[in-house]
There are 2 protein chains.
Amino acid sequence: MARAGLTAESVTRAAADLADTVGFENLTVSALARSLRVKDPSLYSHIRSLQDLRERVALLAAGELADRIAAAVAGRAGFEALAAFADAYREYALACPGRYAATQIPLAPAVLAASAAYARTVELTHAMLRAYRLSEPDLTDAGRLLRSAFHGYVTLEANGGFSHSRDVRASWERALLALHTLLENWPTDPSPHAADGGEP
Amino acid sequence: MARAGLTAESVTRAAADLADTVGFENLTVSALARSLRVKDPSLYSHIRSLQDLRERVALLAAGELADRIAAAVAGRAGFEALAAFADAYREYALACPGRYAATQIPLAPAVLAASAAYARTVELTHAMLRAYRLSEPDLTDAGRLLRSAFHGYVTLEANGGFSHSRDVRASWERALLALHTLLENWPTDPSPHAADGGEP
DNA sequence: CTACGCTTCCTAGAGATACTAGGCAACAGC
DNA sequence: GCTGTTGCCTAGTATCTCTAGGAAGCGTAG
C-alpha cells in the first residue's frame, strides 16, 4: 500500500487546519485520519494520544500567534504598538478559531516550560508595555490585565457573547483607546482605601 | 425497581455539581448516570441529549452567577460596586469552575433570548456603570471591555495562564483599581485619529 | 540486484460513550 | 383493586480512543 508520507509535523498542521474548520472540540483522531485518507491507528505512529495531538496543536498555534504579534509590533511604540498587538491577536483568534482555542487548554508546567511560544507572548506584552514606563509589579499587573482583556474580548465575541446591536469592531477600537488611557494613567501609588487592611 | 425520583431540574443540578468536580468537558451522560445510581438511558426521559444537558447547566449557572452579582452590587455604587461585581464574578468562576465553563458555550440565539439569565448580567453591568455617567455607545463599549477583562482574567487564571510569581489576587486588586480609574477618565470624545472617519 | 532491517501503514479487536427501541413495573387517580 | 401514565430498565447500534500484531514499502549493505 502506498505510504502517505506523514510526519508528526504534517499531522499536527493537518489537525490545526481541521480544528479551524470543525472547531477545536470536534478535533478527533478519527476525523483527522479521514481527512488524511488514512486509518485511525496509523496516526498513533506520530502522536501518542488525542491529548498529545491537542497539545501539539496548542504549541503550534502559540508559536504562530507569537510570530504574528512580533511582526505587528516591530518598530512601533505606544498606542501604535498596543493597537498592532491587539489587532494581530484578535485577527488570529477570529481567522483561526480552532488554533486559538487550542492555545487555551491547560498545559502541564513541564510542557509549558519546554516551549518558548507561551513565554514569548508574555515577553512581547512586556516589551510593548515598556513605552508606558511601568516597573514591577505594575508591569506584570498591567500585562495580565491586557492579556485578559484581549482574550476575554475575542472569546466572548467568538461565542456570541455580544448580542447588542452596537458594532463589535467599533467597540474594540474604543476598548483599545481606553486601555491606552488606562496605561498612561496607571495608578501606581498604593491605593487610597485599604482593600486588605493592616493585619500583622 | 425503586424509582430514583429524578426530574429535569434535579438532573441538571447533579450535572452542574459533577461538572464542578470533574470539569465541564468531562461531563458525560454516562458519568452523570453513574453518579445518580441510574442507567444511561434513564436520563433521556429528562434531557434530550448531551448538548441539551450542557445548555441546561449553562442556563442554571448563568442564573446563579447573575444572582450572586445582583446580591453583591445591591446598595453599592462607584468603585465599591465595581469591586463587588468583579469579586462576585471571580469567586463564582473559581468556586464553581464547571458551572462557569458552562456559561461560555455558544448558545442558539433562540435559547439565549428565551432565558433572562444572560441578559440580566449585561443589565447588571450597565447598572453598575451608571455611577460613572457614561452614555451610549460608551456604556456598551465599557460594559464589553469590563466583561471581557473579568472573563479573560478568570479563565487565564483557572487555566494556569499566569505563571509569573506575582500574586494573582494582588494583580486582580490592581486591575480593578485601574479599571475604576479608566471608567472615571473614559475617553468619550471621538478619538484623535479617525478610526472610521466621517462618511455621510 | 538481492537481502536485511526499520518504519509506516494496515486489520482486528477491546472498552467507553451517545443515543434509540421497546418492555415492565411503580405510582396516581378512580 | 384497576387503569393509565410515567420512569427506569435491557438490548442493541454507531462512533470514538487506543493496543496488539502483521505486512508491505523504503533505504542500505553486500
Side-chain angles (χ1 to χ4, degrees), chain A residues 1-60 98-99 101-102 104-108 111, chain B residues 1-60 98-99 101-102 104-108 111:
Chain A
M1 184 149 299
R3 293 196 179 183
L6 303 179
T7 66
E9 287 69 30
S10 68
V11 167
T12 302
R13 268 194 303 274
D17 292 345
L18 181 60
D20 284 336
T21 309
V22 304
F24 183 69
E25 72 283 358
N26 296 119
L27 171 61
T28 65
V29 175
S30 288
L32 180 59
R34 271 194 298 276
S35 84
L36 290 169
R37 309 305 191 90
V38 147
K39 301 299 175 185
D40 302 20
S42 306
L43 296 180
Y44 287 90
S45 304
H46 307 285
I47 60 168
R48 283 199 309 278
S49 66
L50 175 62
Q51 178 64 20
D52 177 53
L53 177 67
R54 287 181 169 149
E55 288 178 3
R56 285 169 187 270
V57 174
L59 294 178
L60 170 71
R99 282 170 155 87
Q104 299 306 322
I105 62 173
L107 291 177
V111 177
Chain B
M1 183 150 296
R3 293 195 179 187
L6 304 178
T7 66
E9 287 69 30
S10 69
V11 167
T12 303
R13 268 194 303 274
D17 292 344
L18 182 60
D20 284 336
T21 309
V22 303
F24 184 69
E25 74 282 359
N26 296 121
L27 171 62
T28 66
V29 176
S30 289
L32 180 58
R34 273 194 296 276
S35 84
L36 290 169
R37 310 303 192 92
V38 148
K39 302 298 176 185
D40 301 20
S42 305
L43 295 180
Y44 288 91
S45 304
H46 308 284
I47 60 169
R48 283 200 310 278
S49 65
L50 176 61
Q51 177 64 21
D52 177 53
L53 177 67
R54 288 179 169 149
E55 288 178 3
R56 285 170 187 270
V57 174
L59 294 178
L60 169 71
R99 283 170 156 87
Q104 299 307 322
I105 62 173
L107 291 177
V111 177

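A, B, ... follow the sequence lines: proteins, then strands. Residue 1 opens every chain. Reckoned from all heavy atoms, side chains included, excluding hydrogens, waters and symmetry mates.
Taking every side-chain heavy atom of B:Val29 into account, C:dC19 is the closest of D:dC18, C:dC19, C:dT11. For B:His46, the side-chain atoms get nearest to D:dG7 when compared with the rest of C:dT11, C:dA18, D:dG7. Closest approach to the A:Tyr44 side chain among C:dC9, D:dC18, D:dC9 is made by D:dC18 (side chain taken as heavy atoms from C-beta onward). For B:Pro41, the side-chain atoms get nearest to C:dC19 when compared with the rest of C:dC19, C:dC10, C:dA18. For A:Ser45, counting side-chain heavy atoms from C-beta on, the closest listed nucleotide (D:dC18, C:dC9, C:dT17) is C:dC9. Of the candidates C:dC9, C:dT20, D:dC16, the closest approach to any side-chain atom of A:Arg34 belongs to D:dC16.
With rounding to whole Å, B:Leu36 atom CG is found 15 Å from D:dG7 atom P. B:Leu32 places its CG atom 12 Å from the P atom of D:dC8, with the value rounded to the nearest Å. Counting to the nearest Å, the P atom of D:dT6 and the CG atom of B:Leu43 are 18 Å from each other. Look at NZ on B:Lys39: it is 19 Å from P on C:dC24, rounded to the nearest Å. Taking atom CD1 on A:Ile47 and atom P on C:dT8, their separation rounds to 14 Å, with Å as the unit. The interatomic distance linking A:Asn26 (CG) with C:dT17 (P) rounds to 18 Å, in whole Å. Here C:dA16 presents its C1' atom at 16 Å from CG of B:Leu27, a figure rounded to the nearest Å. The separation between B:Arg37 atom CZ and D:dC9 atom P is 12 Å, rounded to whole Å.
Distances shorter than 4.0 Å separate some side-chain N or O of B:Ser42 from OP1 or OP2 on D:dC9. In this model, the phosphate group of C:dA18 is not approached by any side-chain N or O of B:Ser49 to a distance below 4.0 Å at OP1 or OP2.
At least one donor-acceptor pair under 3.5 Å links the side chain of B:Asp20 to the backbone N or O of B:Arg99.
Nucleic acid contact class of B:Asp40 (heavy atoms, under 4.0 Å, all strands): none.
Rounding to the nearest 0.5 Å places CZ of A:Arg13 at 6.5 Å from OG1 of A:Thr7.
A salt bridge between A:Arg56 and A:Asp52 is present, with a side-chain N of the basic residue lying under 4.0 Å from a carboxylate O of the acidic one.
Of the residues listed (B:Thr12, B:Leu43, B:Asp17), the one engaging B:Leu32 in a side chain to side chain contact (heavy atoms under 4.5 Å, CB included) is B:Leu43, and it is the only one.
Here the side chains of B:Leu107 and B:Leu59 are in contact, with some heavy-atom distance below 4.5 Å.
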